[in-house]
A.B. asks: 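Pasting a structure here, questions to come.
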Amino acid sequence: MTYRAEYLWIDGNEPVGEIRTKTKILKNDEEPPIWGFDGSSTNQATGDNSDVVLKPVFTCGDPVRGGDNILVLCETLLTRDLSPHPTNRRAECVAVYEKYKDQDPWFGMEQEYTLLDAITRWPAGFPTAGFPPPQGPYYCGVGAGRISGRELIEEHTTACIEAGLTIAGTNAEVMPGQWEFQIGPLDTVTVADHIWVARYLLFRLAEKHGIEVTIDPKPMLGDWNGAGMHTNVSTKSMREGYEPIIVACESLGMAGKPEEHLAGYGAGIEFRLTGEHETERYDQYSYGVSDRGASVRIPWQVARDGKGYIEDRRPNANADPYYVTTLLTRTICEALVGFD
Ligand code: ADP
Ligand code: MN
Ligand code: MN
Ligand code: MN
């Protein structure tokens, strides 16, 4: 008897890496081995030296195929010495997590995305030749005049649960056809593994609905919110007291830090962080309690309880979650050394 392993990896597409996958048929007594692919077709190698190595790093059940079939998320390695491929952001993420593991960093990531009609490429719920009424009634709305694509969202949530991913919730967003799912809380590396597998499941399940899913941070210009990936973060000391919460907020505003973080928070971030539509401007750094116009929000319950987590509202929907959590772990945990 055999089963199927769907190997997933992140390609070298610029400026935003995308998921690629291929299928390996395995005998029932076989573990998914190291494998490879043609990197000249994914912007990861030249034709004369095209092989790139796939190293399995995270495995879960495949809810699309069911049965004994599995998904195998991989890191990409160079054939030369099996070192990380330059497009492999996970290897660095693991190294930073290992360095600060004793602070027990947790992340919850809110992945926003937009459903597009695969033919017209216009957002689901937008009339074919025009615009729907302005933002207001759609966020967490109900009813056919408010909501598009819910069947896919329900299928996706079920698939994430069946795969064993730590999905925390979902909601309809402020623009028609825009949705969100949350993953976490999980450590620096695992949250990003789960985000990538959840993205795969979303794109994969949308195929049969004739829906294209985009993580474009600004799919519609004009008076429509963009799509972000708000990233909630805490360490052990932040979950126990308020001073570390403030130290974490301040650390993100230190000289050079806002620029370093924005450079890793997704392509086109200046088009989304305009200072309008529940964002802070990309050239300002700010934090505040309950403030959805700040770069970093301290949730009101956290201020009330004097402990908890903070929300970095800046990452784009199209950011690489490995890089977002790498940057946040490095900056915050470095500032919190000695706070146990
Ligand atoms: P919002 O009010 O910004 O829409 P959400 O409910 O969408 O917030 O997302 C909040 C996220 O924060 C969830 O993924 C949740 O798992 C995560 N979270 C909760 N507590 C913590 C914590 N202590 N550290 C990190 N993340 C957390
Ligand atoms: Mn949310
Ligand atoms: Mn949201
Ligand atoms: Mn949020």
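On a predicted model such as this, the values are computed, not experimentally measured, just so you know.
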A.B. asks: Considering non-hydrogen atoms only, spot the tightest contact between Trp179 and Gly149 and give its length.
C.D. replies: CZ2-C, 4.3 Å
A.B. asks: Apply side-chain contact (heavy atoms from CB on, under 4.5 Å) to Leu205 and Val64, showing your working.
C.D. replies: CA-CA 8 Å; Leu205 292 169; Val64 180; 4.1 Å; yes
A.B. asks: If I take atom CD1 from residue Ile195 and atom CD from residue Glu110, how far apart are they, to the nearest 0.5 angstrom?
C.D. replies: 9.5 Å
A.B. asks: Can a donor-acceptor pair be found, under 3.5 Å and without considering hydrogens, that links the side chain of Glu112 to the backbone of Gly228?
C.D. replies: yes
A.B. asks: Can any side-chain N or O of Asp312 pair as donor or acceptor with the backbone N or O of Thr231 at less than 3.5 Å?
C.D. replies: no
A.B. asks: If I take atom CG from residue Leu202 and atom CD1 from residue Ile211, how far apart are they, to the nearest 0.5 angstrom?
C.D. replies: 9.0 Å
A.B. asks: Charged N to carboxylate O under 4.0 angstrom, Glu260 versus Arg330?
C.D. replies: yes
A.B. asks: Is the backbone N or O of Glu278 less than 3.5 Å from a side-chain atom of Arg313, with the two atoms forming a donor-acceptor pair by type?
C.D. replies: yes
A.B. asks: Take Lys307 and Arg239, measure what side-chain contact (heavy atoms from CB on, under 4.5 Å) needs, and give me the verdict at the end.
C.D. replies: CA-CA 5 Å; Lys307 60 184 180 181; Arg239 294 188 291 273; 5.9 Å; no
A.B. asks: Any donor-acceptor pair under 3.5 Å linking the side chain of Gln44 with the backbone of Ile10?
C.D. replies: yes
A.B. asks: Donor-acceptor pair, Asn13 side chain versus Val16 backbone, under 3.5 Å?
C.D. replies: yes
A.B. asks: In the hydrophobic clustering (ILVMFWY, side-chain contacts below 4.5 Å, transitive), which residues join Leu54, or is it alone?
C.D. replies: Tyr3, Tyr7, Trp9, Leu26, Trp35, Phe37, Val52, Ile70, Val72
A.B. asks: Is any side-chain heavy atom of Asn225 less than 4.5 Å from a side-chain heavy atom of Met175?
C.D. replies: no
A.B. asks: A quick test of your reading: do over 12 heavy atoms of other residues, nucleotides or ligands sit less than 6.0 Å from CZ of Arg121?
C.D. replies: no
A.B. asks: Indicate yes or no for a side-chain donor-acceptor contact from Thr279 to the backbone of Glu276 under 3.5 Å, with no hydrogens or angles considered.
C.D. replies: yes
A.B. asks: Would you give the length of the straight line joining atom SG of Cys249 to atom CD1 of Ile332, rounded to the nearest 0.5 angstrom?
C.D. replies: 8.0 Å
A.B. asks: Does Lys22 have more than 12 heavy atoms from other residues, nucleotides or ligands lying within 6.0 Å of its NZ?
C.D. replies: yes
A.B. asks: Measure the CD-CG distance between Gln178 and Asn171 for me, rounded to the nearest 0.5 Å.
C.D. replies: 10.0 Å
A.B. asks: Hey, could you give me each pair passing ring pair (Phe, Tyr, Trp, His ring centres under 6.0 Å) that has a residue in residues 124-165? Not counting sequence neighbours.
C.D. replies: Trp122-Phe126, Trp122-Phe131, Phe126-Trp224, His156-Phe181
A.B. asks: Evaluate the criterion side-chain contact (heavy atoms from CB on, under 4.5 Å) for residue pair Ile167 and Thr157; output intermediate values, then yes/no.
C.D. replies: CA-CA 8 Å; Ile167 184 165; Thr157 306; 4.3 Å; yes
A.B. asks: Going by the salt bridge (charged side-chain N to carboxylate O under 4.0 Å, His left out) test, name the single residue among Lys208, Arg150, Arg204 that passes it with Glu155.
C.D. replies: Lys208
A.B. asks: Could you report the tightest heavy-atom contact between Leu77 and Pro84, atom names first, then the distance?
C.D. replies: CD2-CA, 4.0 Å
A.B. asks: Closest heavy-atom contact between Ala45 and Ser50?
C.D. replies: CB-O, 3.6 Å
A.B. asks: So, for Thr331 and Lys257, which heavy atoms are closest and what is the spacing to 0.1 Å?
C.D. replies: OG1-NZ, 3.2 Å
A.B. asks: Quick one: does any side-chain atom of Asn69 pair with a main-chain N or O of Arg4 as donor and acceptor, under 3.5 Å?
C.D. replies: yes
A.B. asks: Would you say that Glu180 contacts His230 through its side chain, given a criterion of any heavy-atom pair below 4.5 Å between the two side chains?
C.D. replies: no
A.B. asks: Does Leu71 reach the side chain of Pro63, with side-chain heavy atoms less than 4.5 Å apart?
C.D. replies: yes
A.B. asks: Which atoms form the tightest heavy-atom contact between Cys60 and Ala163, and what is the distance?
C.D. replies: CB-O, 3.3 Å
A.B. asks: Answer with yes or no whether the side chains of Tyr242 and Asp305 bring together a donor and an acceptor at under 3.5 Å.
C.D. replies: no
A.B. asks: Can you confirm whether Asp216 sits close enough to Thr114 that some side-chain heavy atom of one is under 4.5 Å from a side-chain heavy atom of the other?
C.D. replies: no
A.B. asks: Return yes if a side-chain donor-acceptor contact under 3.5 Å exists between His85 and Thr87, otherwise no.
C.D. replies: yes
A.B. asks: For Tyr285 and Arg314, run side-chain contact (heavy atoms from CB on, under 4.5 Å): C-alpha distance rounded to whole Å, both residues' side-chain angles, the deciding distance at 0.1 Å, then the answer.
C.D. replies: CA-CA 10 Å; Tyr285 174 78; Arg314 297 170 295 172; 3.7 Å; yes
A.B. asks: Treat each ILVMFWY residue as a node, draw an edge where side-chain heavy atoms are under 4.5 Å apart, and state whether Met220 and Leu273 are in one component.
C.D. replies: no
A.B. asks: Looking at side-chain heavy atoms only, is the closest gap between Thr235 and Cys333 below 4.5 Å?
C.D. replies: yes
A.B. asks: State plainly whether one hydrophobic cluster holds both Leu328 and Ile246, where clusters connect Ile, Leu, Val, Met, Phe, Trp and Tyr through side-chain heavy atoms under 4.5 angstrom apart.
C.D. replies: yes
A.B. asks: Does Val324 share a hydrophobic cluster with Tyr97, counting links as ILVMFWY side-chain heavy atoms below 4.5 Å and allowing steps through other members?
C.D. replies: no
A.B. asks: What I'd like to find out is whether the side chain of Val94 reaches to under 4.5 Å of the side chain of Tyr322, using heavy atoms alone.
C.D. replies: no
A.B. asks: Give a yes or no on whether Glu207 atom CD has more than 12 heavy-atom contacts from other residues, nucleotides or ligands under 6.0 Å away.
C.D. replies: yes
A.B. asks: Report the C-alpha distance between Arg65 and Thr23 in whole Å, list the side-chain angles of each, state the deciding distance to 0.1 Å, and finish with yes or no for side chain to side chain donor-acceptor pair (under 3.5 Å).
C.D. replies: CA-CA 12 Å; Arg65 293 190 174 123; Thr23 310; 3.3 Å; yes
A.B. asks: Just by distance, do the side chain of Asn88 and the backbone of Arg90 share a donor-acceptor pair under 3.5 Å?
C.D. replies: yes
A.B. asks: With side chains defined as the heavy atoms from C-beta onward, is the minimum distance between Phe107 and His194 less than 4.5 Å?
C.D. replies: no
A.B. asks: Determine whether the side chains of Ser286 and Gln284 contain a donor N or O and an acceptor N or O closer than 3.5 Å.
C.D. replies: no
A.B. asks: Would you give the length of the straight line joining atom CD1 of Ile298 to atom OH of Tyr309, rounded to the nearest 0.5 angstrom?
C.D. replies: 11.5 Å
A.B. asks: CD1/Ile310 to OG/Ser251 distance, rounded to the nearest 0.5 angstrom?
C.D. replies: 7.0 Å
A.B. asks: Given Glu173 and Tyr113, is the side chain to side chain donor-acceptor pair (under 3.5 Å) satisfied, shown in steps?
C.D. replies: CA-CA 9 Å; Glu173 268 302 336; Tyr113 57 94; over 6 Å; no
A.B. asks: Compare every heavy atom of Lys24 with every heavy atom of Pro33, then report the nearest pair and how far apart it is.
C.D. replies: CG-CE, 3.7 Å
A.B. asks: Within the structure provided, determine whether Met229 and Gln111 are in side-chain contact (heavy-atom separation under 4.5 Å).
C.D. replies: yes
A.B. asks: Side chains of Glu30 and Asn28: donor-acceptor distance under 3.5 Å anywhere?
C.D. replies: no
